[in-house]
Amino acid sequence: MKPLNPVQPAKGLSADVALAMVFGGILIVLLFPLPPILLDLLLVLNISVAILILLMMFYLENPLDLSGFPAMLLVLTLFRLSLNVASTKLILLGGQAGTVINAFGRFVVGNNYVVGAVVFLILVIIQFVVITKGAGRIAEVAARFTLDAMPGKQMSIDADLNAGIIDEDEARTRRKKVTDEAEFYGAMDGASKFVKGDAVAGLVITGVNIVGGLAIGVFQQGMPMMDALQTYTVLTIGDGLVSQIPALIISIGSGILVTKTASTDFLGRHLQKQLLRRPEPLILGGLMLIMLALLPGLPFMPFAILGGASFIVGRRLLAIQRAEAVSGYSVHEKKGPGGAAPALPAGRDGKQDAESTERPKVSPLPVLQLEIGFSLVPLVDADQGGDLVARIGMIRDQIREECGFQMPSVSIQDNLELNNNEYRILLRGLERARDQVHVGSLLAIDAGDAIGNLDGANVTEPAFGYQAVWISPGRSDDAEAKGYTVVNAETVVATHLTKVVREHAAELLGRQEVSEMLDALKQSNEAVVTELVPDKLPLAVVHRVLQHLLQEQVPIHDLPSILETLTDYAHQSKDPTVLGEFCRQALAGQLIASCVDSVGTLHAFTLAPMLEEELQRSITPGSGIGTMNMAPARAAAICQAVHSLFKQLAANLEAGPVLLTSPLIRFHLRQLLARKVPELRVLSYGEVLDDVPLKVTAAVECPKNMEMAAA
């Protein structure tokens with residue numbers, strides 16, 4: 001068994017013991033009489049805690065930062081009532097209750113029990129009628145609206161999670177915050193009754209103490225009525241003031257807490273931004289007060305002083321705002337070390353961005369990035385004749401036409417760590433390709449039909465692996481005469497980038513892009529979107545299905561047909577691979593159109609029946625589409641046989657042949673051949689339309705002895 005940590009439990013245990021001791025102390029105060037000096041200490045502690053809590057409210061950024069306040073309010077109410085009971089014992093038994101109560105009774109209200117009673121009643125009315133009632137109503141309404149809004153907030157969190165805007169941890173944090181918020185306002189709604197009951201109890205206790213003090217002084221101690229009234233009433237009023245002033249402070253604190261808005265600023269800073277946002281009210285208000293000061297019969301100095309102060313503050317604020325408009329710097333921004341304003345980053349227009357200091361922003365990682373060496377900068381500089389940026393724009397249009405989605409923008413940056421003539425292509429921060437080009441030179445590519453050799457730097461063309469030679473521009477005519485394809489450096493980089501994008505199109509399609517595609521489709525075909533997402537399938541599954549189609553080189557132009565197919569088969573499976581196979585059959589026309597030759601004929605080859613049966617037996621049923629289990633040597637032999645036949649047939653055909661197979665093994669066979677023969681299209685028999693001319697030319701044979709030969 002794992003040993004317990006001896007440190008962490010000790011901390012929690014000490015806090016629990018301290019809280020238990022507090023409740024035990026409250027019981028002791030209720031049951032046993034206290035010496036006056038101890039009562040003075042506890043009364044001062046009560047006032048100190050109330051002031052401390054009130055000051056804490058001004059520095060809260062969020063009400064949930066003090067979510068334990070309802071329980072704290074209960075403890076403080078019990079503590080304050082216990083002090084009332086203890087002070088009542090001392091007053092009625094000995095006619096004195098310590099220096100604190102005596103000071104409040106004789107100094108604060110001038111030793112006049114009538115004045116003291118009036119002040120006490122006013123405090124009780126302020127607390128009971130104004131603050132406590134208002135704070136309780138706000139807490140009640142906040143609790144009701146928070147509970148009513150919980151389902152909508154939960155659905156919003158789930159939608160953001162399905163859209164990929166937030167991850168699971170962020171969603172879990174948001175759900176907990178929603179739950180904590182509902183529990184907090186519900187607890188505050190109940191805790192407000194403590195404050196209301198405390199005010200009523202204070203009023204009743206004070207009245208009972210006055211009556212009891214008069215009875216004890218007159219009937220037990222034989223004091224004259226006025227002396228008994230002066231002695232016991234003044235002390236009772238002082239006791240009530242000592243109790244009600246902290247209660248009033250706590251009520252104000254609870255009111256501030258429940259009226260805290262969604263702003264994350266401190267209360268003082270928040271009010272400053274709200275009140276000093278516009279200078280015009282201050283200026284106009286100051287002028288109106290000065291006009292009132294000039295009217296006959298009204299005191300001049302009070303109105304003039306306040307009106308002048310308001311006018312000066314308004315003018316000062318107006319001057320500050322005009323200076324901010326000119327310099328772009330805000331006086332409300334946080335200061336750096338030594339009180340100096342922090343350095344602001346330059347924006348696109350050369351001006352400093354003041355908003356960047358308000359909330360630090362993390363630069364997102366570019367989805368697609370092209371890094372170039374120092375010597376390749378002219379390729380992207382239009383002033384030097386470089387047109388690579390324009391070519392990339394054409395690539396984006398080409399990918400949209402071929403694949404059916406908008407390719408993300410390409411971030412082009414220079415990298416001093418690369419060689420001068422080197423470039424590399426990164427996808428989500430990972431390097432996918434790297435090569436070199438020479439600015440000012442041309443690349444002569446031998447696609448297989450060139451005659452003769454060329455003098456120059458022999459290289460391999462980076463996109464398709466053809467043999468090529470870097471030559472000077474003056475020899476381009478000679479190279480073309482010999483059958484070479486001559487391109488410049490920009491074309492080499494653009495072609496290489498296009499190939500990388502085609503191969504990784506599925507990775508370029510993000511969940512946010514899918515969400516935007518669905519939102520755009522809603523404008524013209526709302527029913528097909530709302531019927532599917534999110535009732536039948538979450539956005540995440542739709543995203544994975546589209547990625548599956550792109551991996552299979554299936555364009556996703558016909559998004560309505562894809563969504564309709566997903567709607568039809570969503571009740572059968574939620575597996576993206578299975579749903580992707582259903583979508584392939586729905587898009588059979590687009591699949592065949594990209595595989596036929598100029599006269600519309602589909603050239604194909606198949607697997608031998610024994611080989612197809614062998615592959616089908618190797619598939620283990622399981623979740624989704626199952627898994628293929630085959631010995632590596634046997635799988636390599638099959639790939640080699642398919643590759644050899646494909647190359648042999650493709651050499652004599654205008655459009656490369658496709659491999660036809662059973663729908664049960666199509667996906668697994670495509671996964672098996674993806675690395676060895678990436679350009680081969682694998683179709684199932686169900687994906688071939690009846691009206692398409694089909695010409696099957698051969699079948700793949702791979703007996704067991706071929707496995708030994710391959711080994």
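The structure presented is a predicted model; accordingly, all values stated were derived computationally and were not measured.
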Colleague: Which pair of non-hydrogen atoms, one from L539 and one from V533, has the smallest distance, and what is that distance?
Modeller: N-CG1, 4.2 Å
Colleague: Could you check whether any side-chain N or O of E531 sits under 3.5 Å from a backbone N or O of V528, counting only pairs where one atom can act as donor and the other as acceptor?
Modeller: no
Colleague: Please walk me through it: do S598 and E654 pass side chain to side chain donor-acceptor pair (under 3.5 Å)?
Modeller: CA-CA 8 Å; S598 58; E654 175 187 350; 2.9 Å; yes
Colleague: Which atoms form the tightest heavy-atom contact between P378 and V439, and what is the distance?
Modeller: CB-CG1, 4.5 Å
Colleague: Check whether R424 reaches the backbone of L418 with its side chain - one donor and one acceptor, N or O, closer than 3.5 Å.
Modeller: no
Colleague: Taking the side chain from K574 and the backbone from A570, do they hold a donor-acceptor pair closer than 3.5 Å?
Modeller: yes
Colleague: Of D435, N415, I412, which is the lone residue that meets side chain to side chain contact (heavy atoms under 4.5 Å, CB included) with Y423?
Modeller: D435
Colleague: With distance as the sole test, does S644 use its side chain to make a donor-acceptor pair with the main-chain N or O of A641 at under 3.5 Å?
Modeller: no
Colleague: Less than 4.0 angstrom from a charged side-chain N to a carboxylate O is my criterion; do E490 and R391 meet it?
Modeller: no
Colleague: Taking atom CD of E679 as the centre, does the number of heavy atoms from other residues, nucleotides or ligands within less than 6.0 Å exceed 12?
Modeller: yes
Colleague: Give a yes or no on whether a salt bridge exists between R432 and E503, defined as a side-chain N under 4.0 angstrom from a carboxylate O.
Modeller: no
Colleague: Do N629 and S618 pair up side chain to side chain, a donor and an acceptor below 3.5 Å, judged on atom types alone?
Modeller: no
Colleague: Test L379 against every option in V492, N488, V437 by the side chain to side chain contact (heavy atoms under 4.5 Å, CB included) rule and name the one that passes.
Modeller: V437
Colleague: What's the separation between atom CG in L443 and atom OG1 in T491, rounded to the nearest 0.5 Å?
Modeller: 10.0 Å
Colleague: For residues S476 and L442, report the shortest heavy-atom separation together with the two atoms involved.
Modeller: CB-CD1, 3.7 Å
Colleague: Using every non-hydrogen atom in the two residues, find where L497 and I425 come nearest and quote the distance to one decimal.
Modeller: CA-CD1, 3.7 Å
Colleague: Distance alone, cut at 3.5 Å: any donor-acceptor contact between the side chains of Q551 and Q547?
Modeller: no
Colleague: What I want to find out is whether R434 reaches E371 closely enough, with some N-O distance under 4.0 Å, to be called a salt bridge.
Modeller: no
Colleague: Within the side chain of H548, is there an N or O that forms a donor-acceptor pair under 3.5 Å with the backbone of R544?
Modeller: no
Colleague: Please check if the side chain of N419 supplies one atom and the backbone of E422 the other of a donor-acceptor pair under 3.5 Å.
Modeller: no
Colleague: Taking NZ, NE, NH1 and NH2 as the nitrogens, is one of them in E552 or R681 under 4.0 Å from a carboxylate oxygen of the other?
Modeller: no
Colleague: Does this structure show an ion pair linking R666 with E581, if we count only N-O contacts that are shorter than 4.0 Å?
Modeller: yes
Colleague: Would the distance check show the side chain of T601 and the main-chain N or O of D597 forming a donor-acceptor pair, the cut-off being under 3.5 Å?
Modeller: no
Colleague: For the residue pair H438 and W470, categorise the inter-ring angle as parallel (less than 30°), tilted (30 to 60°) or perpendicular (more than 60°).
Modeller: perpendicular
Colleague: So, the side chain of E513 versus the backbone of G510: is there a donor-acceptor pair under 3.5 Å, distance only?
Modeller: yes
Colleague: Please confirm whether F464 and H496 have ring centers closer than 6.0 angstrom.
Modeller: no
Colleague: Between the main-chain N or O of N453 and the side-chain N or O of K482, is there a donor-acceptor pair closer than 3.5 Å?
Modeller: yes
Colleague: Which value, rounded to the nearest 0.5 Å, describes the distance between T661 atom OG1 and L607 atom CG?
Modeller: 5.0 Å
